[in-house]
Amino acid sequence: MNTQAYHKAHKSLALYNASGRYGRVAALGPDAIDLLHRMSTNDLLPLIGSAGSGAQTVLTTEKGRVIDLLTVLSHGNSALLITSGGREDQVIEWLNKFVIMEDAKFEKKSEEITEFLIFGPQALDFLQYLISPIGSISLIGLMNFNFIEIEIAGEKVLLQKTHRIIESGWAIFVEKPKADAVWGFLQTETENLDGTVIDDDTYNLLRIEAGIPLAPSELNEKHNPLETTLVQAVSWTKGCYIGQEVIARLDTYDKVQRHLMGIEISAEIKSDTLPIALTNSDNEAIGEITSLAFSPSLEKSIGLAFIKSAFAIPEMEIKVGENSAKLVKLP
């Protein structure tokens with residue numbers, strides 16, 4: 001992890017090549033978005049015919065467990081799906097199981113479309129400056145997960161408002177042949193503002209700080225969306241979808257067994273093996289750490305952890321082996 005890049009990201013802005021961290025799948029055909037609506041947790045009907053709109057939704061099993069979190073970018077009658085890295089084939093296979101009479105097709109595009117992320121306290125001003133020659137486009141009013149088409153380095157790209165990391169978060173999608181030119185331009189402009197390019201380890205720390213769950217650590221078939229802070233991707237008013245009855249019962253009868261929380265550990269913990277078991281002061285098993293990193297600003301290890309509901313109390317003192325720790329509420 002690059003400590004200097006970490007501090008620059010917090011002070012200015014950061015550029016990250018997220019092409020391996022996330023996957024891209026094209027949802028093609030006039031029935032594709034409607035099928036996604038019927039198969040997943042969120043109401044996606046408003047995206048049909050609404051190019052530039054976006055939303056997050058979760059594919060779940062019949063038992064309500066997470067297959068993957070999808071970000072859906074609507075082009076009107078088709079869409080680009082952002083999956084977890086390495087989950088593209090699994091997502092396509094799952095969706096294809098339910099294509100019967102629908103005119104819908106799902107194709108892996110991770111090798112054809114590149115994804116960059118830009119975030120930090122100066123990210124909004126930086127991007128607004130880049131697009132200012134276009135005219136009166138304002139990024140301030142862009143809704144979460146919606147996107148616009150802009151030009152960077154003379155190339156057309158999609159700019160999407162995405163996960164909030166250090167005050168803001170923006171994703172840029174560009175066709176692979178144009179990616180080097182766009183990346184080179186963004187890197188130069190970022191460094192001119194004393195920003196930085198970050199590596200995978202630094203991004204992992206920053207997304208832990210932001211409380212963003214990731215596959216396979218937090219997004220997997222051990223957990224349901226209500227345990228993994230994905231409530232915003234669940235509609236309670238839409239019709240049935242795969243796993244809907246289970247998720248509705250968990251909410252109605254307050255049966256969510258675990259909650260994703262942050263954890264701060266008094267010492268630096270190094271472990272190549274996750275998860276790590278957690279206990280309380282009475283040595284009762286209360287949960288497990290699923291993501292872990294060392295924070296230069298706090299000078300201690302921090303992580304994400306699934307905690308049994310009865311013990312999911314912010315500021316609660318717990319133990320990681322022989323080290324003291326405390327639970328913290330996620331942003």
Side-chain angles (χ1 to χ4, degrees), residues 17-29 31-42 44 47 54-75 78-100 102-115 117 145 160 162-163 171 173 176 200 203-204 207 212-235 240-247 250 258 260 274-275 288 290-291 304 306:
N17 188 337
S19 299
R21 182 72 68 168
Y22 300 99
R24 275 77 62 205
V25 171
L28 305 171
D31 299 329
I33 298 178
D34 181 69
L35 178 67
L36 286 165
H37 170 79
R38 291 183 280 116
M39 293 298 103
S40 64
T41 59
N42 212 349
L44 302 181
L47 274 59
Q56 287 196 316
T57 192
V58 186
L59 293 178
T60 51
T61 68
E62 292 86 348
K63 295 182 179 180
R65 303 300 180 90
V66 174
I67 294 172
D68 201 15
L69 170 67
L70 304 181
T71 304
V72 183
L73 283 66
S74 171
H75 293 291
S78 64
L80 179 65
L81 312 181
I82 312 306
T83 73
S84 299
R87 292 283 179 91
E88 303 99 316
D89 292 335
Q90 184 179 354
V91 166
I92 292 171
E93 182 181 356
W94 177 260
L95 291 172
N96 281 340
K97 288 170 57 177
F98 302 98
V99 177
I100 302 174
E102 293 85 358
D103 186 353
K105 183 168 61 173
F106 302 94
E107 297 180 352
K108 185 175 178 178
K109 295 292 183 180
S110 298
E111 298 302 318
E112 301 172 36
I113 300 173
T114 302
E115 179 179 358
L117 296 180
F145 309 116
Q160 182 214 21
T162 186
H163 296 293
F173 300 95
K176 188 66 175 290
D200 288 339
Y203 176 78
N204 190 51
R207 69 96 188 169
I212 296 173
L214 205 64
S217 303
E218 292 81 36
L219 303 180
N220 54 58
E221 293 191 22
K222 291 174 61 177
H223 304 289
N224 63 69
L226 305 187
E227 295 175 340
T228 52
T229 69
L230 300 179
V231 175
Q232 83 285 349
V234 177
S235 169
C240 292
Y241 56 87
I242 304 298
Q244 184 265 341
E245 291 185 2
V246 175
I247 293 172
L250 290 171
R258 293 170 289 268
L260 189 64
L274 292 171
E288 59 185 23
T290 52
S291 290
L304 299 178
F306 283 101

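Residue numbers run from 1 in the order of the sequence given.
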Peer 1: Which pair of non-hydrogen atoms, one from Val234 and one from Asn42, has the smallest distance, and what is that distance?
Peer 2: C-OD1, 4.3 Å

Peer 1: When rounded to the nearest 0.5 angstrom, what distance separates CZ in Phe106 from CG in Leu35?
Peer 2: 4.5 Å

Peer 1: Between Thr290 and Leu304 (side chain of the first, backbone of the second, donor and acceptor by atom type, cut-off under 3.5 Å), is there such a pair?
Peer 2: yes

Peer 1: Nearest 0.5 Å please: distance from the NE2 atom of His223 over to the CG atom of Leu226.
Peer 2: 13.0 Å

Peer 1: Does any non-hydrogen side-chain atom of Ile82 lie less than 4.5 Å from one of Arg24?
Peer 2: yes

Peer 1: Measuring from Lys108:NZ to Leu81:CG, what's the distance to the nearest 0.5 Å?
Peer 2: 14.0 Å

Peer 1: Ring-plane angle category for Tyr203 and Tyr22, please: parallel below 30°, perpendicular beyond 60°, tilted otherwise.
Peer 2: perpendicular

Peer 1: If I take atom CZ from residue Arg65 and atom NZ from residue Lys222, how far apart are they, to the nearest 0.5 angstrom?
Peer 2: 10.0 Å

Peer 1: What's the verdict on side chain to side chain contact (heavy atoms under 4.5 Å, CB included) for Val246 and Asn224, showing C-alpha distance, side-chain angles and the deciding distance?
Peer 2: CA-CA 9 Å; Val246 175; Asn224 63 69; over 6 Å; no

Peer 1: Please tell me if the side chains of Thr57 and Leu36 come closer than 4.5 Å, counting only heavy atoms from C-beta onward.
Peer 2: no

Peer 1: For the pair Arg207 and Leu214, evaluate side chain to side chain contact (heavy atoms under 4.5 Å, CB included) and give the outcome as yes or no after the intermediate values.
Peer 2: CA-CA 9 Å; Arg207 69 96 188 169; Leu214 205 64; 3.6 Å; yes

Peer 1: Taking all atoms of both residues into account, what is the closest heavy-atom pair of Thr162 and Ala171, and its distance?
Peer 2: CG2-N, 3.7 Å

Peer 1: In the structure I gave you, are the side-chain heavy atoms of Pro225 and Ile247 within less than 4.5 Å of one another anywhere?
Peer 2: yes

Peer 1: What I'd like to find out is whether the side chain of Ile92 reaches to under 4.5 Å of the side chain of Asn96, using heavy atoms alone.
Peer 2: yes

Peer 1: What closest approach, in Å, do Phe145 and Ala55 show between heavy atoms, and which atom pair accounts for it?
Peer 2: CB-N, 3.8 Å

Peer 1: What's the verdict on side chain to side chain contact (heavy atoms under 4.5 Å, CB included) for Ile242 and Glu62, showing C-alpha distance, side-chain angles and the deciding distance?
Peer 2: CA-CA 5 Å; Ile242 304 298; Glu62 292 86 348; 4.2 Å; yes

Peer 1: Could you tell me if the side chain of Pro216 sits less than 4.5 Å from the side chain of Arg87, heavy atoms only?
Peer 2: yes

Peer 1: Could you go through Ile33 and Ser74, starting from their C-alpha distance and side-chain angles, then the distance that decides it, and tell me whether this counts as side chain to side chain contact (heavy atoms under 4.5 Å, CB included)?
Peer 2: CA-CA 8 Å; Ile33 298 178; Ser74 171; 3.7 Å; yes

Peer 1: Check Asn220 against Ser217 and note the closest heavy-atom contact, atom names and distance.
Peer 2: ND2-O, 3.2 Å

Peer 1: In Å and rounded to the nearest 0.5 Å, what is the OG1 to CG distance from Thr83 to Leu69?
Peer 2: 9.5 Å

Peer 1: Shortest non-hydrogen contact from Ser84 to Asp68?
Peer 2: OG-OD1, 2.5 Å

Peer 1: Give a yes or no answer on whether the side chain of Asp103 reaches the backbone of Asp31 with a donor-acceptor pair at less than 3.5 Å.
Peer 2: no

Peer 1: Scan side-chain atoms only and decide if Glu218 and Thr228 contain a donor-acceptor pair under the 3.5 Å cut-off.
Peer 2: no

Peer 1: Take atom NZ of Lys109 as the centre, draw a 6.0 Å sphere, and report whether it contains more than 12 heavy atoms from other residues, nucleotides or ligands.
Peer 2: yes

Peer 1: Tell me if the CD atom of Glu102 is crowded by more than 12 foreign heavy atoms within 6.0 Å.
Peer 2: yes

Peer 1: For Glu107, I'd like to know if atom CD has over 12 heavy atoms of other residues, nucleotides or ligands within 6.0 Å.
Peer 2: yes

Peer 1: So which atom in Phe173 and which in Gln160 form the shortest heavy-atom distance, rounded to 0.1 Å?
Peer 2: CE1-OE1, 3.7 Å

Peer 1: Counting neighbours of CD on Glu93 that are heavy atoms of other residues, nucleotides or ligands and sit closer than 6.0 Å, is the number greater than 12?
Peer 2: no

Peer 1: State the CD1-OG1 distance between Ile67 and Thr60, to the nearest 0.5 angstrom.
Peer 2: 6.5 Å

